[in-house]
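Just below is one structure, and these are the notes that go with it.
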Amino acid sequence: RNMDSVEVHLNEFSYAISPETGSSYDQSRCAAWFAGTFKNILTTMPRLTRFNKTIIDNGPDDGKWENNGLIDFDNTPKAKFNLFKMYTFMPDSGLIVRSDEGLDGMASISDTSLAVMVWNKNSSPKDLNLSVQNIPFSSDSLKIYLIDPHHSSFFDDSSSAELELIETSAVSGSLFTDKRSLLQYSVILYLFERKKETAVRQNTTILPKIYALTNFPNPFNPATTIRYHLPKATSIRLTIYNTLGQEIRTLVNKKQKAGIYSFSFNADDLASGVYFVLMHTGTGFVQIKKMILLR
């Protein structure tokens, strides 16, 4: 009662007294669990403050709590840290979300952005059929971020630590729909950004600041889109390998300008299993991404 003026600070906390490194507490399962728990808290609390990186002094019991926290000792973000990072993208004013059994979500809006977060806390994949109605502004772009056992969760998949931006697209009109399957223990964020009106036409080409390599969907059957970022002009070789280190296919082998590129990889002729895409540039940058083909 009479608590409307009280700030609520949601912080990292533990559902295990002394978890082991790489346990479910570090994995995407924990991020999905937190998302549902936080919504339950927010429905009974007045408001949510901004999320910031948490620093904890473990004190004399640091041995008991050494594997807690949002990041590990090597400063690697855990999946739940990436969930908190998603929250920083969400505006302050909440919106009504209606969800079907199996999935849940929350949404918020400001004058310049609209964010919709959906999560699957279940141990099996669920189909998402998303409808965002009455978008009140023209949107320059839609950015989609994902946490699941293959994205933004280092302790599920060591090739993916930072929060992954898996898709970008232009959006027009006041209605947006999307259908996809969400893996078990996953959280997805749709971020709509308001179109910026300018009196002078500007160059709309956005150049990436860092090298990056992602693919979606993952797992896939039989095709997946591989996206890579080049912050400067360079030669690039994009190659698929199997678990034996054998080269399966070379997708790209040429010099390209700075920019964001995507390539559709079709695995109709390959057996189910784990594959790796290797990105190697003339600047010396190397990154490997694990992909899973499920038939």
Side-chain angles (χ1 to χ4, degrees), residues 21-32 70-86 125 143-168 180-189 208-231 234 236-252 260-267 270-281 283-294:
T21 299
S23 69
S24 61
Y25 181 69
D26 293 338
Q27 298 171 347
S28 63
R29 178 182 304 190
C30 190
L70 298 178
I71 57 177
D72 71 1
F73 289 109
D74 295 324
N75 210 34
T76 301
K78 300 179 182 180
K80 58 195 171 187
F81 176 85
N82 288 326
L83 171 69
F84 276 67
K85 194 170 183 179
M86 280 185 173
K143 297 177 181 178
I144 302 179
Y145 298 86
L146 179 64
I147 301 170
D148 70 14
H150 304 293
H151 298 85
S152 316
S153 185
F154 177 83
F155 291 96
D156 286 293
D157 183 342
S158 60
S159 68
S160 180
E162 302 295 333
L163 179 61
E164 288 194 51
L165 173 64
I166 62 165
E167 292 179 37
T168 59
R180 67 181 68 216
S181 178
L182 292 183
L183 289 183
Q184 67 276 13
Y185 310 127
S186 59
V187 186
I188 190 168
L189 177 71
K209 295 181 179 180
I210 60 173
Y211 293 98
L213 175 65
T214 61
N215 79 291
F216 190 84
N218 190 16
F220 65 97
N221 178 27
T224 185
T225 298
I226 299 171
R227 184 188 298 268
Y228 56 94
H229 295 189
L230 300 178
T234 182
I236 175 172
R237 182 177 172 86
L238 203 65
T239 314
I240 305 296
Y241 291 88
N242 61 20
T243 54
L244 299 177
Q246 299 168 325
E247 183 176 320
I248 301 299
R249 195 173 303 168
T250 297
L251 304 181
V252 180
I260 299 175
Y261 297 88
S262 61
F263 192 97
S264 180
F265 171 56
N266 193 302
L270 300 178
S272 296
V274 176
Y275 295 87
F276 300 91
V277 55
L278 171 66
M279 174 181 173
H280 191 179
T281 73
T283 61
F285 177 84
V286 177
Q287 185 171 348
I288 299 175
K289 179 71 178 177
K290 181 170 73 175
M291 305 186 300
I292 300 176
L293 173 60
L294 289 180

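Everything numeric here is computed off the predicted structure, so don't read it as measured data. The first residue in the sequence is number 1, and the count goes up from there. No hydrogens, no waters, no symmetry mates; every other heavy atom, side chains included, goes into these values.
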Minimum-distance pair of heavy atoms, taken over all atoms of I71 and P77: CG2-CA, 3.8 Å
Any S152 side-chain heavy atom under 4.5 Å of V187 side chain: no
Intermediate values then yes/no, side chain to side chain contact (heavy atoms under 4.5 Å, CB included), Y275 and F265: CA-CA 12 Å; Y275 295 87; F265 171 56; 5.7 Å; no
Main-chain N/O of D157 paired to S160 side chain as donor or acceptor, under 3.5 Å: no
Side-chain heavy-atom pair Q27, P149 within 4.5 angstrom cut-off: no
Worked verdict on L270 versus N242 for side chain to side chain contact (heavy atoms under 4.5 Å, CB included): CA-CA 10 Å; L270 300 178; N242 61 20; over 6 Å; no
Contact summary for N218 and I292, nearest pair of heavy atoms: OD1-N, 2.9 Å
Close side-chain approach of L238 and L213, heavy atoms under 4.5 Å: yes
Contact check, side chains of F216 and H151, non-hydrogen atoms, under 4.5 Å: yes
Pairing residues for F154 by the side chain to side chain contact (heavy atoms under 4.5 Å, CB included) criterion, not counting sequence neighbours: T76, S158, A161
Heavy-atom side-chain contact between I240 and I226 under 4.5 Å: yes
Where K78 and D26 come nearest, the two heavy atoms and their spacing: NZ-OD1, 2.9 Å
Beyond-backbone contact of M279 with L230, side-chain heavy atoms, under 4.5 angstrom: yes
Step-by-step side chain to side chain contact (heavy atoms under 4.5 Å, CB included) determination, I147 to L83: CA-CA 8 Å; I147 301 170; L83 171 69; 4.1 Å; yes
Residue pairs involving residues 242-252 (criterion salt bridge (charged side-chain N to carboxylate O under 4.0 Å, His left out); sequence neighbours excluded): R237-E247, R249-D269
Residue pair R180 / L146, side-chain heavy-atom distance below 4.5 Å: no
Side chain to side chain, D156 and Y185, heavy atoms closer than 4.5 Å: no
N/O donor-acceptor pair under 3.5 Å between S272 side chain and L294 backbone: no
Residues Q184, S28; criterion side chain to side chain contact (heavy atoms under 4.5 Å, CB included); working and verdict: CA-CA 9 Å; Q184 67 276 13; S28 63; over 6 Å; no
Closest approach of C30 to K80 (non-hydrogen atoms, all atoms of both residues): SG-CD, 3.9 Å
T283-Y211 side chain donor-acceptor pair, cut-off 3.5 Å: yes
